[in-house]
Structure formats: structure tokens, C-alpha cells
Number of protein chains: 2
Amino acid sequence: MIGSVVGMEHQVLVVDDDPMVSDVVRRYLEQSGCRVRLAADGSAALAAVAAERPDLVVLDLMMPGLDGLEVCRRLRADQPDLPVVMLTALGEEADRVLGLEVGADDYVTKPFSPRELVLRIRSVLRRATGSAPDPAAPAMLADGELLADTGRRVARLGGEPVPLTVREFDLLEFLLRNPGRAWSRADLLKRVWGWQIGDHSTVTVHVRRLREKIEHDPAAPRRILTVWGIGYRYEPEVTAG
Amino acid sequence: MIGSVVGMEHQVLVVDDDPMVSDVVRRYLEQSGCRVRLAADGSAALAAVAAERPDLVVLDLMMPGLDGLEVCRRLRADQPDLPVVMLTALGEEADRVLGLEVGADDYVTKPFSPRELVLRIRSVLRRATGSAPDPAAPAMLADGELLADTGRRVARLGGEPVPLTVREFDLLEFLLRNPGRAWSRADLLKRVWGWQIGDHSTVTVHVRRLREKIEHDPAAPRRILTVWGIGYRYEPEVTAG
DNA sequence: CGGTCACGTCATCGTTCGGTAAGACTTCGT
DNA sequence: ACGAAGTCTTACCGAACGATGACGTGACCG
């Protein structure tokens with residue numbers, strides 16, 4: 001059970017030309033307590049946004065006519081605060097960077113688990129509606145000397161700014177949000193990269209690069225620990241609770 | 001059973017026409033604390049879901065009669081929240097098929113490592129039960145001073161972390177979940193290693209290594225006891241109450 | 001058009017793991 | 001007490017795994 005978004009019922013506009021997709025998405029969103037409208041193409045989407053004033057738009061990247069990027073740009077021009085979650089396929093040229101560039105608040109790669117999508121949407125909604133302190137999506141993640149400012153997407157180590165790339169920050173953010181537990185490379189690929197399949201060494205390398213930046217001694221990491229035969233685990237400096 | 005199992009015991013339905021596969025999967029899942037039901041084909045699966053109300057379904061894609069896709073669709077129509085993990089042979093069709101069309105929550109390609117499958121299943125269950133970012137809620141097996149944290153895959157002896165290898169942890173976990181009775185080496189080979197046949201000395205050696213790490217005096221073990229002529233038995237420090 | 005940066009991939013290398021074998025030791029039946 | 005069967009202990013070695021450095025590509029910038 002996905003559970004309802006606390007407090008109010010949100011209205012979500014789902015824009016996708018494939019009914020197969022939009023239908024599944026709608027069912028899941030409705031289940032989680034959202035009102036849902038559908039639009040099959042870009043211009044319908046723009047019209048629907050004007051008419052319905054949704055709280056969030058789920059936008060497929062590849063569509064006939066106005067594609068997701070273009071729709072997103074026009075939305076941004078008009079309503080910069082309207083949260084947008086992008087749907088992209090793996091094979092598509094545009095990856096997340098492109099999506100984020102035009103101002104999407106999050107993206108989900110196809111094929112995705114509907115559950116995952118709903119979680120992302122809820123997270124974006126929570127952030128967007130600026131609701132009170134939300135333990136599920138704090139803007140600042142801190143552990144001892146290490147601080148991750150998810151708003152500015154900047155990390156600090158004892159006050160000193162640490163330049164992290166997009167991937168590195170995503171990875172760190174995920175680990176900080178899910179500390180203590182051992183995550184397999186496949187898990188990380190899926191939840192940080194949004195890939196269902198892929199080369200596990202990608203994770204290995206990025207963990208290494210991240211360690212290089214946030215561990216005092218990268219050869220003997222104290223935060224991002226290797227769980228042999230399993231994956232990695234973030235060890236909180238300060239034990240929660 | 002000793003050891004407060006913090007975190008609930010899930011029921012999982014495994015659907016596969018190949019007993020070879022489903023049997024191994026079942027053993028691993030049971031070892032990791034799930035109750036398991038088997039179904040050999042699609043219609044049996046649907047019946048079992050209706051009758052048993054499992055928390056999660058592991059579904060083979062290729063099956064005679066109703067295949068995994070069809071089963072998944074019908075499940076979705078009825079119970080959109082029931083998590084499904086797909087088993088697929090490495091193939092090209094998998095991506096398109098699996099992502100949206102049927103809404104599987106994850107999939108694992110054959111051949112797979114049973115351990116990886118169990119990790120995925122746990123991961124899906126965790127998300128599904130909505131306890132995602134909760135580092136305090138992994139299943140803990142405890143007996144007196146000894147603690148096995150299955151989330152972190154770390155054991156503790158009186159608070160002090162004890163580094164265990166994958167096999168050692170698996171073995172300990174099994175014994176903690178099945179204390180008090182004697183297990184033959186063949187049993188352990190089957191249920192911990194997933195082997196039907198094999199050298200019994202493998203077990204002997206691993207028990208030795210485990211004792212070395214968790215017994216105060218490995219020469220006079222108080223937890224993992226030898227049952228002469230039979231095998232081994234985990235002796236709970238605290239008698240179940 | 002170079003130069004830089006991010007990032008995925010690959011090859012290599014050192015480490016760890018874990019199964020096996022062999023000998024020492026203990027238990028048990030006679 | 002003796003031999004046989006069972007168990008413990010140690011050492012070894014191939015295989016699996018992770019760390020590391022380097023390369024190729026594409027995006028972005030001057």
C-alpha cells in the first residue's frame with residue numbers, strides 16, 4: 001500500500017501518448033490518493049495545465065508533436081513553480097541531465113516500477129508544497145562532519161565545500177538517506193542510476209570517486225564501507241537514535 | 001524460536017514450472033525468514049494468491065499455460081499493490097515487456113545468484129511495506145549477547161561488531177532462525193549452501209570458522225554445539241519464552 | 001576548434017573467500 | 001584398551017571479488 005499523501009489530495013496531470021503507460025500510472029496515482037487527469041500529447045497537456053491547474057505534471061519525453069522537453073520549457077516560462085516529473089526511456093538520447101536542464105524536478109527511466117514512480121512523485125510534491133519539516137525529504141542531510149545540501153546540491157566536509165558531480169551527489173544523497181543498510185550494486189544501479197540492468201562496475205567506480213572526495217583516507221573508508229560479496233553500506237558517524 | 005525477529009515474517013509465493021529453480025529459491029527464502037508457498041503454473045499461482053494472500057510473488061516469465069506476463073496482468077487487475085518480482089531468462093524481450101506493460105516491481109535474470117534474488121525481494125518488500133528509509137527496522141536476530149543484523153549483514157557480540165564472511169553470516173543466520181534442534185551436515189549443505197550433494201567437511205570447516213569468531217572459547221563452544229554422530233545444534237543462551 | 005570535465009567502460013592487480021585435502025585428535029563400541 | 005568412525009584443526013590454492021588507473025566518448029566552454 002502506497003499510502004496517501006498526508007493532508008491534501010493533489011491533482012496530477014499525466015502526459016503520455018501511450019495509453020498503456022498512462023493508464024497504469026493513473027491507477028497507481030489514484031490509489032495513492034491523487035486526482036488524475038490524462039493528456040495524450042503536448043498541446044493537450046498545455047491546455048490541461050491552463051484549465052485544471054494541476055499540482056504536478058508527469059511528462060513523457062518522447063511524444064508526437066510537442067515533445068516533453070518543449071512542453072516543459074513552455075510550462076516553465078509560464079509557471080516556474082509547477083513541479084514536473086519526466087518519464088524517459090533508457091534508449092533515448094536525452095538523459096536525466098537534459099531533463100533536469102529544462103527544469104524537471106525529477107525523472108524516472110522506463111521501464112520503471114509504478115511503485116517507484118509514485119514514491120518519486122510524492123517526494124517531489126512534498127518538497128514543492130514546502131510542507132513542514134519532512135523527515136522523508138529533508139533539504140539538508142548531515143552526518144557528523146559531512147553535510148549534503150540537496151537544495152544547492154553541494155556537499156560540505158567540516159564546513160569546507162566538496163565539489164561533487166551529479167552522479168556522485170546522487171549516490172551520496174541516496175546513501176545518506178538510507179544509511180546502515182547494505183545495498184547491492186544492482187540496488188544502487190536501480191535506485192540511483194534508474195537502470196534496471198547495467199554494468200555493476202559503474203557503481204564500483206563511482207563509489208571509489210566518491211570515497212576519494214569524502215573519506216579522509218580513501219584506502220580505509222569510514223563512511224562508505226564495502227560489504228564483501230554484497231555491496232556497500234553507509235556507516236553513520238553518529239548512530240541514529 | 002528464539003531471537004526476536006524484529007520485523008515481520010513475510011509470506012512469499014514462488015511460481016515456476018521448474019522444481020529445480022523453485023526449490024532452491026524456496027530454501028533461500030525460508031532461510032531468510034519468509035514463509036514460502038510454491039506454484040508450478042499460472043493458474044495454480046492465481047489460485048494460491050487468492051487463497052494465501054501472500055505479501056509478494058516471485059514469478060517466472062516463461063511457463064507453460066498462463067505465462068508470467070499474463071499472470072502478472074491478472075494479478076494487477078485484482079491486487080495492484082501486490083509486489084511482483086519477475087524471473088526472466090536473459091533475453092531481448094525482457095525490457096520492453098517488463099517495465100510498464102505488466103508492472104513488475106523488479107526482475108532478476110537467470111541464471112541468478114540466490115543471494116541476489118533474496119536481496120532484491122527484501123528490497124521490494126521493504127519499499128512495498130512503506131518502511132523505506134528506516135535504518136532502525138532491519139530484521140535482527142538476537143540471542144543473548146549475540147546479534148545478527150540481516151540488513152547490515154553484520155553480527156555483534158555484546159555490541160562489538162564481528163566481521164563475518166557471506167557464508168559465515170548465512171550459516172549463523174540459519175542457525176539463529178532454527179535453534180535448538182540438531183542439523184546434519186547434509187541438511188546444512190542443502191539449506192545454507194543450496195547443494196544437494198557435496199563434501200560434508202565444507203560444513204565442518206565453516207562451523208569451525210564461525211566458532212572462532214562468535215564463541216568466547218572456540219574449543220568449548222556454548223552456542224554452536226556438536227551433536228556427535230549427527231551434526232550441529234544452536235543452543236540458545238536465552239530459552240525461548 | 002582545442003581544452004576540460006563528467007562518466008561509463010575496460011584491463012589489471014591485489015585481496016579475500018571458500019572448498020578441499022590431510023593429519024591430529026576425540027568419541028564410541030567391543 | 002584398541003580400532004574404527006567421527007570430528008577438529010591447519011594449510012593450501014584456485015576462483016571470485018573489489019580497488020585502482022587508464023582510456024574513449026560526448027558535452028560544454030572559451
Side-chain angles (χ1 to χ4, degrees), chain A residues 69 90-102 109 153 155 162-172 182-186 188-190 192-213 215 217-221 223-233, chain B residues 111-116 119 153 162-172 182-186 188-190 192-213 215 217-221 224-233:
Chain A
L69 280 183
L90 261 184
E92 282 176 15
E93 198 56 37
D95 37 295
R96 59 186 312 279
V97 182
L98 193 46
L100 290 176
E101 201 172 294
V102 297
T109 356
R153 295 187 67 83
V162 177
L164 294 184
T165 70
V166 175
R167 280 274 189 270
E168 287 160 4
F169 192 89
D170 285 351
L171 179 56
L172 177 61
W183 297 95
S184 72
R185 289 175 173 73
L188 294 172
L189 262 187
K190 186 171 180 205
V192 176
W193 273 256
W195 297 359
Q196 297 261 4
I197 52 175
D199 189 344
H200 287 190
S201 69
T202 296
V203 177
T204 308
V205 171
H206 274 84
V207 165
R208 177 183 179 302
R209 289 173 177 155
L210 191 50
R211 278 173 172 167
E212 200 70 39
K213 297 187 178 178
E215 298 279 5
D217 178 5
R223 300 176 187 277
I224 305 179
L225 305 185
T226 300
V227 184
W228 230 91
I230 303 291
Y232 299 98
R233 171 166 62 88
Chain B
F112 55 86
S113 125
R115 190 170 301 116
E116 175 68 16
L119 284 177
R153 290 195 71 86
V162 177
L164 295 183
T165 70
V166 173
R167 276 275 190 270
E168 287 161 4
F169 192 90
D170 286 351
L171 178 57
L172 175 61
W183 297 94
S184 72
R185 290 176 172 73
L188 294 172
L189 266 186
K190 262 201 265 184
V192 177
W193 273 257
W195 296 0
Q196 296 284 356
I197 53 170
D199 189 343
H200 287 189
S201 69
T202 295
V203 177
T204 308
V205 171
H206 273 85
V207 166
R208 157 98 177 60
R209 289 173 178 157
L210 192 50
R211 279 173 172 166
E212 196 71 38
K213 296 187 178 178
E215 299 279 5
D217 178 6
I224 305 179
L225 305 185
T226 300
V227 183
W228 220 89
I230 304 293
Y232 300 98
R233 171 167 61 87

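Just so it is clear: chains get the letters A, B, ... in the order the sequence lines come, proteins before strands, and each one is counted from 1.
Residues forming a salt bridge (charged side-chain N to carboxylate O under 4.0 Å, His left out) with B:E212 (at least two apart in sequence, or on another chain): B:R208. Listed by chain and number, the residues in a side chain to side chain donor-acceptor pair (under 3.5 Å) with B:R209 amount to none (sequence neighbours excluded).
Checked against the 6.0 Å centroid criterion, the rings of B:W195 and B:H200 do not qualify as a close aromatic pair.
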- [ ] Decide salt bridge (Lys or Arg N to Asp or Glu O under 4.0 Å) for B:D170 and B:R153; before the verdict, give the C-alpha distance in whole Å, the side-chain angles of both, and the deciding distance to 0.1 Å.
- [x] CA-CA 9 Å; B:D170 286 351; B:R153 290 195 71 86; 2.9 Å; yes
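A donor-acceptor contact closer than 3.5 angstrom links the side chains of B:T226 and B:R211.
Distances shown here put a side-chain N or O of A:Y232 below 4.0 Å from the OP1 or OP2 atom of D:dA19.
Computed from coordinates, the A:F169 CZ to C:dC7 P distance equals 13 Å when rounded to whole Å. Distance, B:R185 CZ to D:dG6 P: 10 Å, rounded to whole Å. Distance, A:L225 CG to D:dA19 P: 11 Å, rounded to whole Å. The NE2-C1' distance, from B:H200 to D:dG6, rounds to 13 Å in whole Å. Residue B:R208 contributes atom CZ, which lies 12 Å from atom C1' of D:dA11 at whole-angstrom precision. Atom CG of B:L210 is separated from atom C1' of D:dC8 by 15 Å (rounded to the nearest Å). Summarising the geometry, the separation between CD on A:E212 and P on C:dC7 is reported as 16 Å, rounded to the nearest angstrom.
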- [ ] Report, as a single string ordered 5' to 3', how protein heavy atoms within less than 4.0 Å touch nucleotides 12-22 of chain C: B base, S sugar-phosphate only, - not at all.
- [x] ----SSBBBB-
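Using a 4.5 Å cut-off on side-chain heavy atoms (C-beta onward), A:K190 and A:W183 make no contact.
Within the nucleic acid shown, B:I230 comes within 4.0 Å of sugar-phosphate atoms alone, with no base atom in reach, counting heavy atoms only.
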